[in-house]
Amino acid sequence: MMAPETAAVTTLLNTTQSVCPVCLDVVDAQVVAEGKVVYMKKECPEHGDFTTYLWPDVDHYNWMNSFKFPCVKPDHTGASLKGCPQDCGLCTSHLRHPTLVEIELTERCNLRCPVCFMAAEGVQAAAQPGPSLSELESVFKGIMAKTGPYTSIQLTGGEPTIRKDLPDIVRLGRSIGFTSIELNTNGVVISQRPEYVRELAEAGISGIFMQFDGLTSAVYEKIRGADLLSTKLKAIENCRKAGVQVVIAMTIINGINQDQIGDVLRFALDNRDVIAGIAYQPAFGSGRFEVSNERRLSMGDVAFLLSEQSNGILAPYDLWPLGCSHPTCDAATYVVEEKGRYRALTSMITTKEYVENFDPASPQGSVLPDIADKMFPELELGLSIVVMSYMDATDMDLKRLRECSMTVAGPDGALIPFCSYQLTNIHGQKRAEILAGKAA
C-alpha cells in the first residue's frame, strides 16, 4: 500500500509589492518556498490570485540573497508623487546609481521577431525617424550631468543600425565625454557591411552587444522569425576583422534553446579573441511574446543548466551577484584559462575577497574582470558570463526595482529602470494604454 502524498511545506521568505499582471495596479506580494521551489504569490482585488514561479531551489535562492555590497545612491533624484513604479525617473526611493543607460535611437527594425520586449515593427511600419542629433546631444549631456562619464552607454532601438547617422551619434557621445558606448544590435547590417563596422570602430564604439540565441537554424526561425545563424557568424567575423569586441546575448526560452546554453559557452570560449562575454537572458514577458513558454526559466534555472552543460567548467554556485543591483537581478562569473584548463574566477576567490575588492565604479559587465586584473594580473584575458534576470508583470518586485542600475533615458531626461520602462501587462499593453481603454 502506497503512503499518501504529503503537501509541500510553505515557508514565507519575504514580503514585497508587485503589480497585477492584468491592470498593472500595485498589489502586495509574498515570496514563498513550497518545498524546495520558490514562488511569488499576489492578489488583485479585481482580477484575482496569481502565482509565479521564481526559482528552482530555495537554498540557492537564499544564498544569492545573502550577498551584501556597498549601496551607492544616485546623485540626482526627483520627488516620488504617485509611488513606484509610476514615478521612476529616478525618484528619492531609488537605492542604486546607474551603471548603464540605454538610449533608444529608433522604433524601427529590419526584423519582426516573435519575441521582442520592445515590440518593434518593420522599417515601413514605424515612420518615426527617432531623435535628431541635436536632441541626442541634449540626452547625452543630461546623462552626463546625472551620472558622470564612467556610466556605460548602450545605443539601442528598435534596430539602431537602421540609422545612417549612427557613427555620428557615437562620435557625439565620445565628444561629450563618455568612455564606453556599446551598440545593441541584431547584427544584420553588420554582417552585410564590414566597412560599416570599421566606421563604427573609428567613431569610437567600445563594443557590440549582439543577439545570439543558439547555434542551429531552428532556434532563430522560432525566436527571430528567420534563419539568421549564418548572419550572426558573419557579423562576428566582421567584428573580428575590425578589432571590435562582441558580447553575445542569448534569449533563453524553455523548449526552444535551453539545451544550447553549454554549446554557446563553448563557442564563445573558442572565439574569445573577439567575444568578450555572454549575456544569458531568460525570456521575460514584456512586449511581444508569440511563442509557447509554459514553464518559464529563471536565473536560478540557467545557473543549474549551465552547470549541467558546461562539462565541468562551471558549478551553480560559481555565478555570483554582480553587486551593482539586487542580488537576484544579475549574476556573473569570469572564466579564465589556468594551466591549460578553464576555471571560474569565483572558484578561485572567497566571497569575502569578492566583496572587499568590489568596485562600485566598475561598469556592469566588468566587475569580475576588474577584480581578476587586481588579484591575478598574470592571467590571460578571460570570458565574462552574466545572467540577466529581467522582470515583467508576473514577477515584478518593487524592492528589486528600487535597486536597478540598468536604466533607459526617457524623452523628458528621466533615467528609468529598464524593467519598469518596458513593463506591459500580459496582453502587451502599457499602463497608459490600459487607462485609455478604461476611459474610452
Side-chain angles (χ1 to χ4, degrees), residues 5-21 24-45 47-71 83-85 93-96 254 280-285 294-307 315-332 346 351 354-355 386-406 417 419-420 423 426:
E5 291 187 10
T6 56
V9 175
T10 299
T11 306
L12 177 65
L13 303 178
N14 197 5
T15 59
T16 185
Q17 286 185 309
S18 184
V19 296
C20 169
L24 298 184
D25 284 352
V26 174
V27 297
D28 291 333
Q30 294 182 328
V31 177
V32 303
E34 294 187 353
K36 295 285 286 184
V37 182
V38 181
Y39 298 91
M40 174 181 282
K41 292 180 178 289
K42 53 190 175 182
E43 179 183 0
C44 173
H47 298 104
D49 296 338
F50 298 92
T51 298
T52 301
Y53 166 78
L54 295 183
W55 215 269
D57 183 275
V58 66
D59 295 331
H60 188 257
Y61 178 84
N62 287 334
W63 175 80
M64 291 290 291
N65 279 284
S66 70
F67 283 77
K68 305 297 180 187
F69 295 92
C71 200
C84 187
S93 297
H94 207 77
L95 299 176
R96 293 195 182 269
N254 198 34
Y280 288 111
Q281 301 174 334
F284 66 115
E294 293 180 4
R295 169 62 157 77
R296 62 184 295 166
L297 298 173
S298 70
M299 187 165 79
D301 289 302
V302 174
F304 284 94
L305 286 169
L306 193 51
S307 174
Y317 287 82
D318 284 338
L319 288 159
W320 294 1
L322 267 177
C324 54
S325 54
H326 189 277
T328 58
C329 283
D330 38 41
T346 46
T351 55
Y354 180 39
V355 174
V386 180
V387 184
M388 309 294 294
S389 182
Y390 300 119
M391 297 182 290
D392 58 31
T394 65
D395 65 348
M396 176 62 67
D397 183 333
L398 299 190
K399 284 185 177 178
R400 278 180 59 186
L401 191 67
R402 293 186 185 102
E403 294 194 49
C404 178
S405 65
M406 179 178 174
C419 291
S420 61
L423 182 64
I426 53 177

Exercise for review: Please check if the side chain of Ser405 supplies one atom and the backbone of Cys324 the other of a donor-acceptor pair under 3.5 Å.
Suggested key: yes
Review point. Okay, side chain of Lys42, backbone of Gln17: is any donor-acceptor separation there less than 3.5 Å?
Key: no
Review point. Parallel, tilted or perpendicular for Trp63 and Trp320, by the 30°/60° rule?
Key: perpendicular
Review point. So, for Lys399 and Asp397, which heavy atoms are closest and what is the spacing to 0.1 Å?
Key: N-OD1, 2.9 Å
Exercise for review: Could you walk me through whether Asp59 and Lys36 pass salt bridge (Lys or Arg N to Asp or Glu O under 4.0 Å), step by step?
Suggested key: CA-CA 8 Å; Asp59 295 331; Lys36 295 285 286 184; 2.5 Å; yes
**Study point:** Within-4.5 Å side-chain heavy-atom neighbours: Thr16 and Met40
**Key:** yes
**Study point:** Test item: Thr346 side-chain N/O and Leu319 main-chain N/O as donor-acceptor pair under 3.5 Å
**Key:** no
Check your understanding: Minimum heavy-atom separation for Val302 to Pro282, with atom names?
Key -> CG2-CG, 3.6 Å
Point to revise | Shortest non-hydrogen contact between Ala315 and Ser307, atoms and distance | key: CA-OG, 3.6 Å
Practice item. Using modelled atom types only, decide if a donor and an acceptor are shared between the side chain of His94 and the backbone of Cys404 within a distance under 3.5 Å. Key: yes
Point to revise | side-chain hydrogen bond (donor to acceptor under 3.5 Å, both in side chains) partners for Trp55, two or more places apart | key: His60
Exercise for review: Kindly give the heavy-atom pair with the smallest separation between Cys419 and Leu401, and that separation in Å.
Suggested key: CB-CD1, 4.2 Å
Study note, to complete from the structure: Residues at least two apart in sequence or cross-chain that pass salt bridge (charged side-chain N to carboxylate O under 4.0 Å, His left out) with Glu43, listed by chain then number, are none
Review point. Is a side-chain N or O of Thr52 found less than 3.5 angstrom from the main chain of Thr394, in a donor-acceptor match?
Key: yes
Exercise for review: Say whether, by atom type as modelled, one donor and one acceptor occur between the side chain of Ser18 and the main chain of Met396 under 3.5 angstrom.
Suggested key: yes
Point to revise | Trace of the side-chain contact (heavy atoms from CB on, under 4.5 Å) decision for Asp392 with Arg296 | key: CA-CA 12 Å; Asp392 58 31; Arg296 62 184 295 166; 3.0 Å; yes
